[in-house]
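Every heavy atom of this structure was used, including side-chain atoms; hydrogens, water molecules and symmetry mates were not.
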Amino acid sequence: MNYPVPSRRSLSRFSIFVWLTLLIIAVVVASFTVYVHAEKQIDRANEQRLQSFWLADELRQSSDELTRMVRTYVATGDLVYKQHFLEILAIRDGQSPRPQDYQNGYWYLVQADGTRPSPMGDRLPLLEAMKLAGFTPDEFAMLARAKANSDALTRTEFAAMALIEGPQPPSDADRLQAIRMVHDQAYHDAKAGIMRPIYELNRMADQRTLQAVHHAEAYATQTRIVLVLFGLFGLLQLAMLWKARRSLAAVLGGPVHEVFTGIARLGGGDFVTEVAVAPGKDDSVLGWLSKTRANLAHLDSERRQMSERLVAANAALEYQVVQRTADLQEALDMAKHASQAKSSFLSSMSHELRTPMNAIMGFSQLLLMKDLSQDQRRAVDEIWRAGKHLLALIDDLLDLTRIEAGQVSMNCQPVDLAEVTEDAVSLVQPQLLHRQLALVNGTPPGSRVVADPVRLRQVIVNLLSNAAKYNRDQGRIEIEVSTPREQCLRLSVRDTGVGMSAEQLPRLFKTFERLEAGRRGIDGTGIGLALARHLVELMGGSIGVVSHVNVGSTFWIDLPAHEP
């Protein structure tokens, strides 16, 4: 008996559509990779620009500090200022270790015990550090000129200090002459000879690094355009998928469920009900099923003589059902891999977002150190606060994706609940002062639970921050500890805020669920409480809430108590 099979032309068209779809997906992924590389180039250009400004400013700052130390020494005779003077020279020339993060402090900042507030680094002359920073020959020439002028001025400063030093106390005339040497017009002209090259260096480095940043931004813009164009090709991908679906339908001869129904009927021994085949679809799976049904019906009438063939046919049909089941299991595995890929993508994007946000906050801090007007300072401060808030959201999103991917482990141990609560209160204290909220911490000393101290503090900070955010101005927040059941401690955070309705509570701890707040402009992201629920459950506890509209809310955490 001859069984018709689908034509090779139909199968070939389906394969072509599938390969075209995979090719378009590969091109889109490659375009996105190039775009990420372009964004990183912008970050590197900005970092080099910032490093250039810091090194140039370090030479200016060291020269200013040398002037301040020598003037103070010749005026007071206190040897500690000469010691600072010599130490600044030794650090600048690479003879002494360089304290880290010098750009954020003063060269002479030394504590009473002789140590500095920042750790010591390597011995590196300032000019050598400037060479490593990639300055151009013209820029380095300006640096060398400023350094040479500064060294020349140092000789004048040593001469002034020598006038008040010796076996005998200096006379008033010697001290007055030393003071004049570091204050007269010649000294100021020499200082100008240091600052003019530094100013010219800043101008040249600013033009060069700004051009590099603009070049990187232009490249990133081009890659964005390419990415958008390939996004349009994604629409073509949808068309390819539609074509592939139609090609598959041509191979099957109808919808998948009809093929499955036809196979199920044949497998169940129903040879009476006909398999509906559309006109012109005889050369398809459904057409094959229809002819198979007719053959099986004929065989059924002669089953006594053809029993062996019926058994073989039933075995073949059962094999097809098993194969279909295996295909379904494969589809479930693919869905699981897709979920893992989503978590990996969110984690990667969270890391990528941190890089530009760190640059924004770094530049905001630099601007706040400048001489700004009140409006400018308020605007930069708002940028810094918004960036800090966005970084916290990115951290929460990264934690959430790690939890969903099973990559978060807890370091549960006996924890003093009072200490953790005090740490959390100190973190939200500025928010409480801003809203003029009263907080009563009723956590008794010695209350110990089994939890991860870092994650527990994170959860408590989230609850206190929400209590402050949704509270009334000059409201009240209370922290209490109780024992709801044996070997369990409950930490409750109660506020006098806007509260929530009974319809809102079931959605409160779900991921990305946002409830309308009673005050405009303070709706949440739907991440914080969902993350808190995951963390508490990973620590073996539970979290819940009791709330009434216009009365307030009480969030509680139940954790295993530690018995000594």
Side-chain angles (χ1 to χ4, degrees), residues 392 410-500 502 504-505 508-509 515 517-519 522 524 528-564:
M410 290 293 169
N411 182 22
C412 292
Q413 55 184 287
V415 175
D416 190 331
L417 196 56
E419 293 181 1
V420 177
T421 304
E422 284 294 333
D423 291 343
V425 170
S426 65
L427 292 176
V428 300
Q429 194 65 37
Q431 191 176 2
L432 299 176
L433 294 176
H434 178 70
R435 296 286 310 285
Q436 299 181 2
L437 300 175
L439 188 143
V440 178
N441 187 359
T443 307
S447 302
R448 299 178 67 81
V449 295
V450 179
D452 186 315
V454 176
R455 295 301 188 179
L456 179 56
R457 180 172 63 249
Q458 182 179 354
V459 173
I460 297 176
V461 167
N462 180 271
L463 297 184
L464 289 175
S465 179
N466 284 345
K469 184 190 300 182
Y470 299 107
N471 213 326
R472 296 182 176 88
D473 291 337
Q474 300 181 356
R476 180 182 178 89
I477 299 175
E478 298 180 0
I479 303 177
E480 296 180 352
V481 174
S482 59
T483 306
R485 57 184 180 278
E486 188 177 357
Q487 296 182 346
C488 176
L489 286 182
R490 170 171 292 182
L491 176 71
S492 300
V493 177
R494 181 181 297 109
D495 63 64
T496 58
V498 296
M500 291 168 285
Q504 292 176 313
L505 296 182
L508 190 59
F509 294 98
L515 308 183
R519 298 171 62 240
I522 57 171
L529 289 178
L531 178 60
R533 176 179 64 83
H534 284 297
L535 293 177
V536 171
E537 290 176 352
L538 286 175
M539 289 186 287
S542 59
I543 187 172
V545 62
V546 177
S547 184
H548 300 283
V549 177
N550 297 326
V551 175
S553 303
T554 300
F555 285 83
W556 51 264
I557 307 171
D558 285 351
L559 292 170
H562 173 67
E563 297 294 338

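Across P445 and A418, no two heavy atoms sit closer than the pair CA-CB, 4.2 Å. Heavy-atom minimum distance, G499 versus S553: CA-OG, 3.6 Å. A pairwise comparison of heavy atoms in G528 and N462 identifies CA-ND2, 3.5 Å as the closest pair. Closest non-hydrogen pair, S447 versus P444, comes out as OG-O, 2.9 Å. Minimum interatomic distance between L489 and P484 (heavy atoms only, all atoms of both residues): C-CD, 4.3 Å. Across all non-hydrogen atoms, the minimal contact from R533 to F509 is NE-O, 3.1 Å.
With L456 as reference, L417 is the one residue of V461, V536, D423, L417 to meet the side-chain contact (heavy atoms from CB on, under 4.5 Å) rule. Each of N411, L535, I460 was evaluated against R455; a single residue qualifies, L535, per the side-chain contact (heavy atoms from CB on, under 4.5 Å) test.
A 4.5 Å side-chain heavy-atom check between L491 and L559 finds every atom pair outside the cut-off. In this structure, the side chains of F555 and L508 come closer than 4.5 Å at one or more pairs of heavy atoms. No side-chain heavy atom of V449 sits less than 4.5 Å from a side-chain heavy atom of M539. Put simply, the side chain of E422 does not reach to within 4.5 Å of the side chain of I479, judged on heavy atoms. Between D452 and L538 the shortest side-chain heavy-atom distance does not fall below 4.5 Å. Side-chain contact between L439 and Q429: absent, with no pair of heavy atoms (C-beta onward) separated by less than 4.5 Å. Two residues are said to be in side-chain contact when any heavy atoms from C-beta on lie closer than 4.5 Å; T496 and N471 meet this criterion. Contact of the V493 side chain with the N466 side chain is not registered, since no non-hydrogen atoms from C-beta on lie closer than 4.5 Å.
Going from atom CG of D495 over to atom NZ of K469 covers 12.5 Å, rounded to the nearest 0.5 Å. With rounding to the nearest 0.5 Å, the separation of CG in N441 from CD1 in I477 is 11.0 Å. Rounding to the nearest 0.5 angstrom, the gap separating the CD atom in E478 from the CZ atom in R476 is 4.5 Å.
When atom types are taken as modelled, the side chain of R435 and the backbone of A468 share a donor-acceptor pair closer than 3.5 angstrom. The closest donor-acceptor contact from the side chain of R472 to the backbone of G497 lies under 3.5 Å.
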